[in-house]
K.L.:
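Here's a structure for you.
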Amino acid sequence: MAAHLSSGRVNLTALREAGRRELREFLDKCAGSKAIVWDEYLTGPFGLIAQYSLLKEHEVEKMFTLKPGRLPQADVKNVIFFVRPKLELMDIVTDNVLREDRGRSPQRDFHILFVPRRSLLCEQWLKEQGVLGSFIHREQYSLDLIPFDGDLLSMESESAFKECYLESDQTSLYHAAKGLMTLQALYGTIPQIFGKGECARHVANMMIRMKREFPGSQNSIFPVFDTLLLLDRNVDLLTPLATQLTYEGLIDEIYGIQNTSEDFFDNLTVEQEFMSGIDTDKVNNYIEDCIAQKHPLIKILRLVCLQSVCNSGLKQKVLDHYKREILQTYGYEHILTLNNLEKAGLLKPQTSGRNNYPTIRKTLRLWMDDVNEQNPNDISYVYSGYAPLSVRLAQLLARPGWRSIEEVLKMLPGPHFEERQQLPTGLQKKRQHGENRVTLVFFLGGVTYAEIAALRFLSQMEDGGTEYVIATTKLINGTSWIKSLMEKLEPAPF
Amino acid sequence: MSRARADEEEYWHSSKFRAFTFDDEDDELSQLKESKRAVNSLRDIVDDDDDDLERVSWSGEPVGSISWSIKETASSSTSSLEGQDSSLQRGSSSYAAFPKQVSSYSLSSLFKGRNKLPSFQSLSDALSDTGVKNYAPELRRPKAEYKDYSSDWSPKDTVRRMQRGKVCSLERFRSLQDKLVLLDEAVAGHDGNVITAVLIFLKRTLRREILFRELEVRQVALCHLIHFLKETGEQKLLLDLLRFLDKTEEVALSQYREHLNIQDVEKRREFLKGCIGLPFSAEDTSHIQDHYTLLERQIIIEANDRHLETAGQSEIFRKYPRKASILNMPLVTTLFYSCFYHYTEAEGTFSSPTNLKKTFKIPDKQYVLTALAARAKLRAWDDVDALFTTKNWLGYTKKKAPVGFHRVVEILQRNNAPVQVLQEYVRLVEDVETRLNLATKYKCHDVVIETYRDLKDRIQLTAYKCKVERGSAEEEKINSILNN
């Protein structure tokens, strides 16, 4: 049943089993029949850890979604809330608890499980509403890195990018570090850590500090991973913006969008022009037409951001022009979103007067004219000729190493670094002849299916020398990613 | 439930398994199905008898997006400070314990892919060993563990205890010095929950000026507090803090954001007026100004039009009753509305299109396209004609457009313009190939014929004969051209 998790080079089944165990133990703590009230968002990630059958084995008889009002009827001894630590959800939980008929018999016991962490803020909130004492068991269920596939782990933290790059909030980085410590506990200390970006630096620092502070964590597992590569999303802002052209990426992109195929190809053409450096410094007619026809705002934002990134920022006049058209067509309140995009580096004025992108593109060979999608020999097939910058960096790290691209690395944001972690003697990995290295690539801020495909392509290459396992804060596509940066424009219902 | 299902579908479709692989041995479809069944089975159990309850989207976010807020972690790992914590033994069963020696299963073989692995039962058997330190960053502790009655922990130790999930009383830290050490320790530990706890305490027990001053030189704590204030909606304190830090633009934007919470249109208008003087960038200031002006206009137009509508005297409102209010609509939408309902009004009125164009400096291109769309919808072909007709100084008229005529054709066609009208504009499309494509597509026979004639393309012209009706004027036209 767990075949797909064990089919990769690294058996991620152990990780999932650890998660299941923790869940079982908590359920058993709330002895007797139970109903779970779900924060809807969590059903997806939980579905990857455990099936309903597991819950049923532990006397879960009913499941409800979290919503305001009175809880539904259910003849169970326990009611357990599975929630993220969000204040808005605490309001709903409070509502549920307060409306519970205390006169009914038998009375139901309340418990609350915070995923992935308890939150002082939330508990304080509950206390102020006078319901904190109603919960018998208040626990946390840590779901840091969820195994999605044999070579893919995700924290499913959608706001990580926004928190890190817009709000300088390092909380998700902390959880990334914690997740990595868990991985090392199960799969051995990773001897080499490489990184590029501010957030990468923070995570590495946290890992080193955590290791120092908990010396008991030294274990004697042969390291499965040779290398950890930490990459900031903002080192490569371009890749998520472009329309993915792998099968999976495409499904991911266009699901729910009503494009005509004509428009789709027009869109693609403009993207490819930008990525190959054509006319990135002028107002683009296609974009203007799309605004005039009031295409979905996210589509517009993706394109103007793509142009901005490929031009290392737009000329002030061009930027002002786009901004004005967008605000007049979609509403002035979008000034807030545009501001976020500028802060994230996606849609900004050109500051240095220099466009570094062509140099980066040439040096790293990001644009391959002779791409063959049927029989690809290079990772650029995933975008029909454009090789994801992030994956190129991983590729070059393996061979011949980053020394060869020092100059280009300096043009990309954030520091790059290398750290070594001491392995207990006797555990130095001796690689067999012909055995591949295993590198864990951690994308801080999100990863796209196209990048995953590209890394898998590298793993499969004969004489490639390295196999990749991918971890990330969130699986993203351009749309979901931009959406996470957009200002919420509806007022809170409470 | 449909919204949840749609969101579930969306979530599901965003978490697919393997992408392109060369050797596709595994049947991803069955793996996909299995996991999908899991998620779906959760759905089936969900009790849905309250369908008529309104589904509240609690934060305006679509389900499927998280905002991980401040978290707390309870670490079970020993630290040099608390090696003798007896509760560690109690809680040590949750994760697989790891042996000091390699067990009979070669561990490296356990981690190589594609081998058939023993089931997890035997894996845990293989790995379990008593008395070994486990490492699990999170562990649930008995409730009593969370109370802290001791009174002599140092700030550093207190932070350590809080990181382990113990609720500590911070009240005994009275001196500023102690409080700052507490804060610095919390920040160094990176645990958001602990940082928040300390900040809440400092917020309560420090004078505002001192708190602000100390945070100014502590970036991480500062960002944390800002985020926290935004989360809890403490707008006033947030703005004071931003002002203190001279983050003027952030103040402006933060304040402007509040307008979204004001439902009453008059109050919102007043509020926006107040935003104009805020320290936005020059560009943004003009946008805010426009926002205010627009809403002001919309309020006037709305009141007026509602009156007209109920009075029942105005033909346009009778024929095309309004589907929605114009309040809070974007500028271009307002322009469309104005071109629809108030096209002929003089520039002096607030509701006239020309007034809007002038006030908001709407570029010609946008104006013409919007007016075209509105008049085409009303099938006012004469108005459309007038939009593109200019008279030169000799009194000759000609047709001009700030956009390509193919765009004009597109809009006309979308509004089902009769062929005679459409034809006029297809004829004006500059690019020959486009012109032919459009003319053929929309059966503007005359244009096709004329174009082939001008291109002297007898073959195509002959071929086109089969596209026109037998004995029609078009057929005759073709014949007469071919025969000359």
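Throughout, protein chains are lettered first and strands after them, A, B, ... in sequence-line order, and every chain is numbered starting at 1. Note: hydrogens, waters and symmetry copies are ignored here, and every other heavy atom, side chains too, is used.
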K.L.:
At a heavy-atom separation under 4.5 Å, does B:Ala373 approach chain A through its side chain, its backbone, both, or neither?
P.N.:
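For B:Ala373, there is no contact with chain A at all, as no heavy atom is under 4.5 Å.
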K.L.:
With a 4.5 angstrom heavy-atom cut-off, could you sort out which part of B:Val403 is near chain A: side chain, backbone, both or neither?
P.N.:
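No part of it gets close to chain A.
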K.L.:
Looking at A:Asp320, A:Leu327, A:Ile291, which makes the most heavy-atom pairs under 4.5 Å with chain B?
P.N.:
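Looking at each of A:Asp320, A:Leu327, A:Ile291 in turn, A:Asp320 comes out on top.
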K.L.:
Do the non-hydrogen side-chain atoms of A:Trp125 and B:Thr232 ever get within less than 4.5 Å of each other?
P.N.:
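SC-SC contact between A:Trp125 and B:Thr232 confirmed.
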K.L.:
Let me know if B:Tyr256 has heavy atoms under 4.5 Å from chain A in its side chain, its backbone, both or neither.
P.N.:
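Just its side chain gets close to chain A.
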K.L.:
What pairs with A:Tyr332 under ring pair (Phe, Tyr, Trp, His ring centres under 6.0 Å), at least two apart in sequence or on another chain?
P.N.:
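Partners of A:Tyr332 under the ring pair (Phe, Tyr, Trp, His ring centres under 6.0 Å) test: B:His291.
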K.L.:
Roughly how far, to the nearest 0.5 Å, is CG of A:Asp289 from CG of B:Leu369?
P.N.:
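If we round to the nearest 0.5 Å, B:Leu369:CG and A:Asp289:CG are 8.5 Å apart.
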K.L.:
Would you say the side chain of B:Ile288 lies within less than 4.5 Å of the side chain of A:Ile335, judging by non-hydrogen atoms?
P.N.:
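Answer yes - side chains close enough.
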K.L.:
In terms of heavy-atom pairs under 4.5 Å with chain B, which of A:Glu325, A:Arg324, A:Gln170, A:Lys294 leads?
P.N.:
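Most pairs with chain B among the choices: A:Arg324.
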K.L.:
Heavy-atom cut-off 4.5 Å, strictly under: side chain, backbone, both or neither for B:Ile200 against chain A?
P.N.:
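Side chain of B:Ile200 only, per the 4.5 Å heavy-atom cut-off to chain A.
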K.L.:
Is A:Thr329 in contact with chain B via its backbone, its side chain, both, or neither, using a 4.5 Å heavy-atom distance?
P.N.:
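Both backbone and side chain.
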K.L.:
Taking C-beta and beyond as the side chain, do B:Pro363 and A:Gln328 meet within less than 4.5 Å on heavy atoms?
P.N.:
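Sidechains of A:Gln328 and B:Pro363: in contact.
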K.L.:
So how far is it from B:His287 NE2 to A:His334 NE2, rounded to the nearest 0.5 Å?
P.N.:
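Output value for this atom pair is 13.0 Å.
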K.L.:
Answer whether the closest heavy-atom distance between the side chains of A:Glu163 and B:His227 falls below 4.5 Å.
P.N.:
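Yes, side chains in contact.
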K.L.:
Check for a donor-acceptor pair, side chain of A:Asp169 on one end and backbone N or O of B:His224 on the other, with a separation under 3.5 Å.
P.N.:
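Checked: no pair found.
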K.L.:
Pick one of side chain, backbone, both or neither for A:Asn205, based on which atoms fall under 4.5 Å of a heavy atom in chain B.
P.N.:
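Interface part for A:Asn205: neither.
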K.L.:
Which value, rounded to the nearest 0.5 Å, describes the distance between B:Thr333 atom OG1 and A:Tyr330 atom OH?
P.N.:
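If I round to the nearest 0.5 Å, the distance is 10.0 Å.
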K.L.:
Measure distances from B:Leu253 to the heavy atoms of chain A and classify the residue's part below 4.5 Å as side chain, backbone, both or neither.
P.N.:
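Answer is both: backbone and side chain atoms of B:Leu253 are under 4.5 Å from chain A.
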K.L.:
Is it the side chain or the backbone of B:Glu250 that comes within 4.5 Å of chain A heavy atoms, both, or neither?
P.N.:
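The answer is the side chain of B:Glu250.
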K.L.:
Just how far is it from atom CD of A:Glu167 to atom CD1 of B:Ile226, taken to the nearest 0.5 Å?
P.N.:
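One finds 9.5 Å between CD of A:Glu167 and CD1 of B:Ile226.
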K.L.:
Does A:Ser168 reach the side chain of B:Val220, with side-chain heavy atoms less than 4.5 Å apart?
P.N.:
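No, side chains not in contact.
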K.L.:
Answer yes when A:Lys323 and B:Glu283 have at least one side-chain N-carboxylate O distance shorter than 4.0 Å, and no when they do not.
P.N.:
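The answer is no: the pair does not qualify as a salt bridge.
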K.L.:
Looking at B:Gly189, B:Gly233, B:Ala197, B:Ala188, which makes the most heavy-atom pairs under 4.5 Å with chain A?
P.N.:
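With the most close heavy-atom pairs to chain A, the winner is B:Ala188.
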K.L.:
Pick one of side chain, backbone, both or neither for B:Ser286, based on which atoms fall under 4.5 Å of a heavy atom in chain A.
P.N.:
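The side chain, not the backbone.
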K.L.:
Check whether B:Leu294 gets within reach of chain A through its side chain, its backbone, both or neither, counting any heavy atom under 4.5 Å.
P.N.:
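It is the side chain, since no backbone atom gets that close.
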K.L.:
Can you say whether B:Gln219 sits under 4.5 Å from chain A via the side chain, the backbone, both, or neither, judging by heavy atoms?
P.N.:
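Neither part; nothing is under 4.5 Å.
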K.L.:
For A:Glu288, is it the side chain, the backbone, both, or neither that has a heavy atom closer than 4.5 Å to a heavy atom of chain B?
P.N.:
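A:Glu288 touches chain B through side-chain heavy atoms alone.
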